[in-house]
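These notes are about the structure you will find just below.
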Amino acid sequence: MIDEKEARKITEAILARCKGNPAEVTLLTLDTALTRFANNIIHQNVAERDAEVSLRYLIGKKIGTATTNRLDQAGLDELVRRAKTNAQASPEDPNYPGLPEPAAYQHVNSWDSNTASYSAEKRARAVGVVCHVAAEKGLIASGALTTGSGDTVVANSQGVFAHHSRTNADFQTVVMSHDSSGWSQGSAWKITELDVESLGKRAIDTAERGHNPVKIEPGEYTVILEHYATDDLLSSLNFYGMGAQAVQEGHSWMNDRLGQQVMSPQVNIWDDGCNTAGAPLPFDYEGVPKQKVDIVKEGVVIGPVYDRYSAAKEGKTSTGHATPITFRGFGPIAAHLFMGPGSATVEEMVQSTQKGLYINRFWYTRLVHPRECVITGMTRDGVFMIENGEIAYPVKNLRYTMPYVQALANVEAVGKTAHLLIGEFGGISTRVPALKIKGFNFTGSTV
Amino acid sequence: MMRALDLARRRGAQYADVRLVNDRSESVSVKDGLVEELASSESEGLGVRVLVNGAWGFASSRNLDGAEIDQITAQALEIAQASSLVGGEKVSLGPEVTSQGTYQTPYKIDPFSVPLDEKLALLLKADAEMGRVQGIRTRRSHATMLKVHKQFANTEGAFTDQTLLETGGGIAATAVGGSEIQVRSYPNAFARQQVTGGWEQLLRWDLPGNAERIASEAVALLTADPCPSNITTSLILGGSQLALQIHESCGHPTELDRVYGSEAAYAGTSFLTTEKLGNFKYGSPVVNLTADSIRPLGLGTFGWDDEGVPAQSSPLVKEGLFVGYLMSRETATQLGRTSNACMRASGWNRIPIIRMVNVSLEPGTWKFNDLIADTEDGIYMESNRSWSIDDKRYNFQFGTEIGYEIKHGKMGRLLRNCTYTGITPEFWNSCDAVCNSDHWVMWGTPNCGKGQPAQVAHTGHGAAPARFRNVKVGVLK
């Protein structure tokens with residue numbers, strides 16, 4: 001962890017090298033470790049300590065950027081030289097709105113010392129329990145336990161200075177037999193909120209119940225999606241269209257749908273970077289305070305999230321959703337998503353289903369067509385046929401090709417408990433419930 | 001580096017290796033006539049891998065001072081000891097690796113020496129050419145350059161020093177009309193054809209000279225007929241699409257760490273289990289697949305892998321028969337073979353894992369025009385739009401940017417929103433023709449994800465267009 005004083009010292013040293021020229025510094029630090037297991041043993045066990053400093057150097061509306069992890073004097077000198085050279089070579093961007101002025105952001109705690117100092121031995125003992133239980137039952141456990149910490153610092157020559165330290169923990173496991181598998185995952189910013197043993201048992205239970213899966217015909221089914229699959233729905237809709245740039249370029253599923261009821265009234269989606277029930281970061285990578293943004297409210301599309309560049313194009317203000325400099329081409333993104341819970345338990349969803357499929361997780365999902373956010377992917381690690389309100393038997397994995405906008409229009413019930421999942425790329429988090437959806441379209445099955 | 005190896009040895013490591021890596025990249029992007037990004041980045045650091053009590057530990061840091069090197073070496077040893085708490089078979093690495101030498105990617109023009117003005121001028125010209133076409137909503141062009149200087153040493157006496165140079169880039173035009181959105185890219189999907197080599201490798205594709213055609217195709221696709229839905233027909237895949245098909249359904253399933261279950265929780269496993277080696281009919285007799293790290297231009301071309309094993313070439317599928325895997329020292333020893341140099345890390349901060357080198361479909365005998373003329377009824381598809389395959393690498397579905405109907409031996413009407421789907425061995429057994437070396441190109445896939453923590457690898461795939469019979473196409477909903 002770098003404290004605020006040290007963070008100021010580093011960013012001021014870089015801005016001073018810019019000699020009064022407008023500039024913006026982003027400093028990201030990382031101290032993380034991951035214990036990975038497969039075949040009931042630890043096979044990869046790693047640690048990393050890194051820092052990345054990025055500089056946006058401005059000459060009027062000419063912009064150059066550079067990034068380095070060398071924080072010594074020579075490294076910082078070189079960083080400024082490269083950013084300046086790039087700015088000098090760049091033509092002006094008339095749409096660039098300039099650097100933001102300082103604005104107060106909410107200080108949010110997401111730091112836990114126990115998580116930051118969690119040892120390799122503790123990680124080994126935690127995953128060892130899952131490996132031993134799986135082995136005792138004749139199953140094979142694989143997965144990873146991650147613990148780590150990091151800092152995000154943004155400063156600019158206008159006086160912006162924002163600093164946030166956070167910790168993170170994540171456990172995920174696949175437990176397999178010769179013909180079945182189960183998956184579970186949990187994320188938290190406090191290691192004590194991660195119950196590794198119970199997550200392991202959940203995956204073991206799914207694998208045990210999944211023996212002798214039956215091959216079924218593809219077609220339309222009512223599905224009960226565990227929150228892992230809901231996470232895929234929400235993340236895909238985010239990645240392919242919840243940012244203003246995607247809407248402005250005309251390839252978002254939101255295009256021509258703003259203000260319209262296109263999903264079930266039970267669907268509520270928002271982004272909230274200050275909520276400690278997620279994995280908070282109270283400002284974005286331009287140092288702009290994060291606003292809570294309603295994206296879908298009772299099924300009505302409210303609108304996307306903005307950074308300064310996309311907001312200026314529409315005469316709006318940023319909602320605090322700029323991505324890091326190194327992802328500038330991607331545009332703004334919702335990094336702290338929530339889907340509002342409903343009133344049903346997963347058991348109640350199953351009981352209310354005459355015929356349908358219980359699905360634990362989706363796998364390798366990709367965009368087939370952007371307009372409806374049509375996604376193809378496979379089911380994985382636990383698929384069961386539901387008949388007459390009960391789990392009847394396990395089935396083999398299926399391929400689906402489904403418009404995700406339509407999927408959320410077809411929601412019949414929303415789970416009463418939402419779970420936090422932190423993604424591996426950029427710490428994007430979702431807090432999501434289980435869903436019951438009618439008319440989910442399966443287009444093939446595996447051998 | 002020697003400091004870390006000495007310390008690891010003194011503290012009881014059976015084996016240790018160290019990589020000191022400096023990555024330098026430059027990225028230039030133009031969007032709709034404006035510069036979207038002009039950026040350069042640098043990252044350097046040291047990674048220490050140790051084997052203690054038959055178990056692995058790895059630690060890394062960006063800080064290269066002596067005390068930090070001691071600290072991460074001690075941390076790697078501590079992590080290895082923790083790894084051994086959960087037990088299991090002790091790691092065996094087989095024959096010692098004592099490689100010595102230097103390697104430099106061959107090139108004509110160092111892309112980092114090309115003035116930024118010149119790079120921008122090329123991209124802006126391509127952008128302007130796309131802009132001549134009415135109906136284009138978004139135009140993008142970009143160039144990427146990467147230089148990796150990597151030194152490797154191990155406790156068995158190896159010391160290698162290599163500098164790898166990559167150049168890539170391309171253009172993409174997006175057309176939007178009503179509820180339809182169409183993208184055309186050149187020369188590869190997602191506007192990114194990347195190879196090992198210099199600036200001359202980007203110039204060879206003549207981005208400005210192809211920009212207007214690509215943009216016109218994007219507009220034409222808006223009103224093209226949709227791909228026929230859910231039919232079975234003959235499918236001819238263009239080279240860049242076939243490259244990704246090879247990547248997903250040949251490269252990944254032949255990774256021996258997946259076969260042994262090491263990637264089960266993340267990247268998945270493989271249907272190519274070891275009892276199939278030497279007796280599984282993976283494809284038809286025209287299917288010959290090779291793993292090699294020596295062929296020019298490939299993103300999997302180097303001097304030594306990240307265990308110090310020399311670059312080499314080895315068959316994976318020979319006349320349709322499955323004969324080989326992509327291997328590391330550890331997995332090769334388990335199989336009773338020796339490594340074929342497929343162990344790579346995405347940077348100093350990652351432990352090496354098995355990655356594709358250049359996995360290529362060897363050229364056949366057909367001229368492209370003859371192949372079309374020989375096809376009575378079918379579809380030609382090119383340029384990837386989406387890709388998805390199950391965790392054992394059986395069930396796949398791909399979408400492409402563009403397609404053309406083939407009728408009576410001739411290319412016919414343009415088709416939009418093309419998809420095809422299949423099961424890997426059935427698909428490769430249905431391959432009855434591969435085009436010859438005149439049509440063979442080394443394509444780059446610089447975005448292959450695997451491992452935890454995530455690693456993005458750069459892989460190469462040589463391919464020429466090929467024909468597959470009785471393939472299901474047109475799954476969109």
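Being a predicted model, the structure only gives us computed values, none of them experimental. Each chain gets a letter, A, B and so on, in the order the sequences are listed, and its residues count up from 1.
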In Å, rounded to the nearest 0.5 Å, how long is the span from OG of Ser61(B) to CD1 of Ile72(B)? 5.5 Å
Would a 4.5 Å heavy-atom cut-off, applied to side chains only, mark Tyr240(A) and Pro370(A) as touching? no
Which answer fits Asp50(A), side chain, backbone, both or neither, if we ask what part of it has an atom under 4.5 Å from a heavy atom of chain B? both
Is Ile140(A) close to chain B through its backbone or its side chain, or both, or neither, when contacts mean heavy atoms under 4.5 Å? neither
Which one, Gly47(B), Ala39(B), Gly88(B), leads in non-hydrogen pairs under 4.5 Å with chain A? Ala39(B)
So, the part of Thr326(A) with a heavy atom under 4.5 Å from chain B: the answer is backbone
For Ser445(A), which atoms come within 4.5 Å of any heavy atom of chain B: side chain, backbone, both, or neither? backbone
Could you look at Arg371(A) and say if it's the side chain, the backbone, both or neither that has a heavy atom under 4.5 Å from chain B? both
So what's closer than 4.5 Å to chain B heavy atoms on Arg56(A): side chain, backbone, both or neither? neither
Ser179(B) portion near chain A, given a 4.5 angstrom heavy-atom threshold: both
Give, as side chain, backbone, both or neither, the part of Glu248(B) having an atom under 4.5 angstrom from any heavy atom of chain A. side chain
So for Ala141(A), is it side chain, backbone, both, or neither that comes closer than 4.5 Å to the heavy atoms of chain B? neither
I need the residue from Ile181(B), Leu34(B), Asp391(B), Ile423(B) with the largest number of non-hydrogen atom pairs under 4.5 Å to chain A. Asp391(B)
Against chain A, label Ala175(B) side chain, backbone, both or neither, depending on which of its atoms sit under 4.5 Å from a heavy atom there. neither
Between Lys119(B) and chain A, which part of the residue has a heavy atom less than 4.5 Å away: side chain, backbone, both or neither? neither
Based on non-hydrogen pairs under 4.5 Å, which of Glu78(B), Arg140(B), Gln75(B) is most in contact with chain A? Arg140(B)
CA sep, side-chain torsions, deciding dist, call: Lys31(B), Glu37(B), salt bridge (Lys or Arg N to Asp or Glu O under 4.0 Å): CA-CA 9 Å; Lys31(B) 178 186 166 189; Glu37(B) 183 180 46; over 6 Å; no
Please determine if Arg24(B) and Glu78(A) form a salt bridge, counting it only when a charged side-chain N lies under 4.0 Å from a carboxylate O. no
Does the pair Arg62(B)/Glu68(B) count as a salt bridge with the N-to-O cut at 4.0 Å? no
Relative to chain B, which segment of Thr35(A) carries a heavy atom at a distance below 4.5 Å: side chain, backbone, both, or neither? neither
Does any backbone or side-chain atom of Arg385(B) lie under 4.5 Å from a heavy atom of chain A? Answer side chain, backbone, both or neither. both
Contact class of Gln172(A) relative to chain B, heavy atoms under 4.5 angstrom: side chain
Do Tyr57(A) and Lys84(A) make a side-chain contact, defined as non-hydrogen atoms from C-beta onward lying under 4.5 Å apart? yes
What part of Leu34(A) gets closer than 4.5 Å to chain B, counting heavy atoms only: side chain, backbone, both or neither? side chain
Just by distance, no angles: are the side chains of Thr401(A) and Thr443(A) close enough, under 3.5 Å, to form a donor-acceptor pair? yes
Heavy-atom cut-off 4.5 Å, strictly under: side chain, backbone, both or neither for Gln406(A) against chain B? neither
Under 4.5 Å from a heavy atom of chain B, the part of Arg257(A) involved: neither
Honestly, the part of Glu52(A) sitting under 4.5 Å from a heavy atom of chain B is neither
